[in-house]
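Worksheet: the structure to be examined is printed underneath.
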Protein chains: 2
Amino acid sequence: MAGRQTRSDIVKAADELFYRRGYEPTSFADIAEKVNISRGNFYHHFKVKDEILNEVIQKRAVDRQAMLDAWEGEETTPAGRIGRFIDILAMNCDKIRLHGCPIGTLTSELAKLDHPAREEAVALFSLFRNWLNRQFVEMGLEEKADRLAMELLARSQGAATLYNAFRDDDFLSREIAAMKRWVAGVAATAASLTKDQSIKDLERGL
Amino acid sequence: MAGRQTRSDIVKAADELFYRRGYEPTSFADIAEKVNISRGNFYHHFKVKDEILNEVIQKRAVDRQAMLDAWEGEETTPAGRIGRFIDILAMNCDKIRLHGCPIGTLTSELAKLDHPAREEAVALFSLFRNWLNRQFVEMGLEEKADRLAMELLARSQGAATLYNAFRDDDFLSREIAAMKRWVAGVAATAASLTKDQSIKDLERGL
DNA sequence: ACGCCAATAGGACAATTGCCCTAAAGGAAA
DNA sequence: TTTCCTTTAGGGCAATTGTCCTATTGGCGT
């Protein structure tokens, strides 16, 4: 049963290496060396490279989902939860500086390779997209929620890409601050909208 | 002297392949096959792979600069010129859908590879950054110009990344429209600011 | 016509790639 | 202890990688 441990060690090491160097440039040998096992042992757990990629993507999905779930317990308002999403950029800035966004860069690479797992990688984006969507819905912005989610997702991607390129801390801080102001603004208009709606509801005798 | 032609053929083919598949996954053989020359001939023109990369980056810089210069002649206002920049997304949407932004994805890849040419790739970003900067300065927004340039650059990068992931035409259209509205807003406030300034100048007797 | 160098071809190099095989070790169930 | 299957090791496969070498061709200047 120690095999399970080895298997998850492999996935963990591959996850890190795929992030730092990219999927294609990372070889079996690189991963095996990092986990300190033989290539033969490696092959016993994963017959083809694509298998590892799928497992890595699945692991990333689980990790991200756990993070989102945790925020749900720690923050009481949708705006607060969205704030946590924006904070990812600040909390992981050292890694983003060197290797970019783990989801964005993987998706781009797989798109170029025309790799079948591309859609699974996009699903990682969808995780955040749908989660953000729900936060905006909870604000009372059902009809705009998905568009707002995509807008914020895009902005954070842009910030990550340019921070990775220019490595300018001031730029990143400004983008984070701007996104937070944007969320506050959205939340404020949402609040006034629902207030208007409840007034209208009252007038209509609901 | 036909060698010059061959050399530029190589660079052109490499440019395309580096964009479509990425730098690392593209081999000498791939390029040579595309240009229809032997590996020996290839080696005569480029001793190491990095050399081609540098030349490709330089070619991209020249191409982009030519494009920017052309806009300068075709559009009379800074806002109009910035509009042309935003239009890149619409004009190249088929390629972006499949391979992302040529500059953003190359920069990300080279960052992961810790490649010395990374900074040259970032210079491609700087080309646009400085050009946008100049447009905003021309609007009369000297002090904010670089920040506005970075903001727009980031937004277009985010749009490209998410369009490449989700391939949602509506999203791209919305982002383009939003960016254009944003530019119009910036231009409007700039105009009112300079008006205020000229009034103040008048009052001060300038 | 001759000489010279750029241009091209094609083969070969060691190293590395993803992948596969066989054999030994380990550990739980009988 | 014996049995059996999982886990591990390590060698080896053909194919591909970037790089290099030598030999032939081709065109321009003299």
Side-chain angles (χ1 to χ4, degrees), chain A residues 1-58 106 109-110 112-118 120-121, chain B residues 1-57 59 106 109-110 112-118 120-121:
Chain A
M1 293 303 113
R4 284 280 166 221
Q5 180 61 36
T6 304
R7 191 182 171 91
S8 76
D9 285 349
I10 293 174
V11 174
K12 193 179 166 192
D15 184 15
E16 217 176 304
L17 288 173
F18 289 174
Y19 175 38
R20 289 167 53 167
R21 297 190 214 170
Y23 172 65
E24 261 258 341
T26 299
S27 69
F28 274 26
D30 291 333
I31 306 172
E33 188 193 22
K34 180 157 187 170
V35 188
N36 237 327
I37 59 171
S38 63
R39 285 142 293 146
N41 192 4
F42 195 108
Y43 179 72
H44 175 255
H45 290 284
F46 295 97
K47 312 241 169 275
V48 250
K49 203 182 175 189
D50 294 3
E51 270 187 51
I52 320 173
L53 178 59
N54 284 320
E55 208 119 332
V56 164
I57 292 176
Q58 197 187 332
L106 179 64
E109 187 185 359
L110 296 182
K112 279 183 198 282
L113 297 176
D114 207 13
H115 196 286
R118 190 194 78 92
E120 299 302 316
Chain B
M1 287 304 114
R4 285 279 167 221
Q5 180 62 36
T6 305
R7 191 181 169 91
S8 76
D9 285 350
I10 292 174
V11 174
K12 193 180 166 192
D15 185 15
E16 216 175 305
L17 288 172
F18 289 174
Y19 175 40
R20 288 166 55 166
R21 298 191 212 170
Y23 172 64
E24 262 259 340
T26 300
S27 69
F28 274 26
D30 292 333
I31 306 172
E33 189 194 20
K34 181 157 186 168
V35 188
N36 238 328
I37 58 170
S38 63
R39 286 142 291 147
N41 191 5
F42 195 109
Y43 179 73
H44 175 256
H45 291 282
F46 295 96
K47 312 241 170 274
V48 250
K49 203 181 175 188
D50 295 2
E51 268 186 53
I52 320 172
L53 178 59
N54 284 321
E55 208 118 333
V56 165
I57 293 175
K59 172 183 157 50
L106 179 65
E109 187 185 359
L110 296 182
K112 279 184 198 282
L113 298 175
D114 208 12
H115 196 286
R118 191 195 75 92
E120 298 303 316

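Chain letters run A, B, ... following the sequence lines, proteins first and then strands; every chain starts at 1.
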Sub-4.0 Å heavy-atom contacts from residues 33-42 of chain B onto DNA chain C, ordered by number: B/Ile37, B/Ser38, B/Arg39, B/Gly40, B/Asn41
message: I'd like to check the ring pair (Phe, Tyr, Trp, His ring centres under 6.0 Å) partners of B/His45; sequence neighbours left out, ordered by chain and number.
response: none
- request: Quickly work out the A/Leu53 CG to C/dC19 P distance and round it to whole Å.
  value: 12 Å
query: What pairs with A/Glu33 under side chain to side chain donor-acceptor pair (under 3.5 Å), at least two apart in sequence or on another chain?
result: none
message: If you apply the rule side chain to side chain contact (heavy atoms under 4.5 Å, CB included), what do you find for A/Leu110 with A/Leu53, and how did you get there?
response: CA-CA 10 Å; A/Leu110 296 182; A/Leu53 178 59; 3.9 Å; yes
message: It should be established whether B/Thr6 places a side-chain nitrogen or oxygen under 4.0 Å from OP1 or OP2 of nucleotide C/dT8.
response: yes
message: The test is side chain to side chain donor-acceptor pair (under 3.5 Å); show your working for A/Gln58 and A/Asn54 and say whether it passes.
response: CA-CA 6 Å; A/Gln58 197 187 332; A/Asn54 284 320; over 6 Å; no
task: Map B/Asp50 and A/His45 onto DNA chain D by nearest heavy atom, then report which one ends up closer to the 5' terminus.
output: A/His45
Separation of D/dG18 C1' from B/Leu17 CG (nearest whole Å): 16 Å
- prompt: Taking atom C1' of C/dT8 as reference, at what distance in whole Å does atom CD of B/Gln5 sit?
  reply: 15 Å
- prompt: Quick check: are there more than 12 heavy atoms from other residues, nucleotides or ligands sitting under 6.0 Å from CZ of B/Arg20?
  reply: no
- request: Rounded to the nearest angstrom, tell me the gap between atom CZ in B/Phe46 and atom P in D/dG18.
  value: 14 Å
query: Tell me: NE2 of B/His44 to P of D/dA23, nearest whole Å?
result: 17 Å
statement: With the side chain defined as heavy atoms from C-beta on, A/Tyr43 is closest, among C/dC20, C/dT8, D/dT6, to C/dC20
Just the table, please: protein N/O against nucleotides 15-17 of chain C N/O, every pair under 3.5 Å.
unit_1, atom_1, unit_2, atom_2, d
C/dT17, OP1, A/Ser27, OG, 3.2

- request: For the pair B/Glu109 and A/Lys112, evaluate salt bridge (Lys or Arg N to Asp or Glu O under 4.0 Å) and give the outcome as yes or no after the intermediate values.
  value: CA-CA 11 Å; B/Glu109 187 185 359; A/Lys112 279 183 198 282; over 6 Å; no
message: side chain to side chain contact (heavy atoms under 4.5 Å, CB included) for B/Val35 and B/Asn41? Distances and angles first, verdict last.
response: CA-CA 11 Å; B/Val35 188; B/Asn41 191 5; over 6 Å; no
message: Using whole Å, what does the distance between atom P of nucleotide C/dT8 and atom CG of B/Asp9 come to?
response: 10 Å
message: Can you measure A/Ile10 atom CD1 to D/dA9 atom P for me and round it to whole angstrom units?
response: 10 Å
Partner residues of A/Ser27 under the side chain to side chain donor-acceptor pair (under 3.5 Å) criterion, sequence neighbours left out: A/Asp30
query: Pairs in or reaching into residues 12-38 of chain A: which pass ring pair (Phe, Tyr, Trp, His ring centres under 6.0 Å), with residues at least two apart or in two chains?
result: A/Phe18-A/Tyr23, A/Tyr19-A/His99, A/Tyr23-A/His115, A/Phe28-A/Phe42
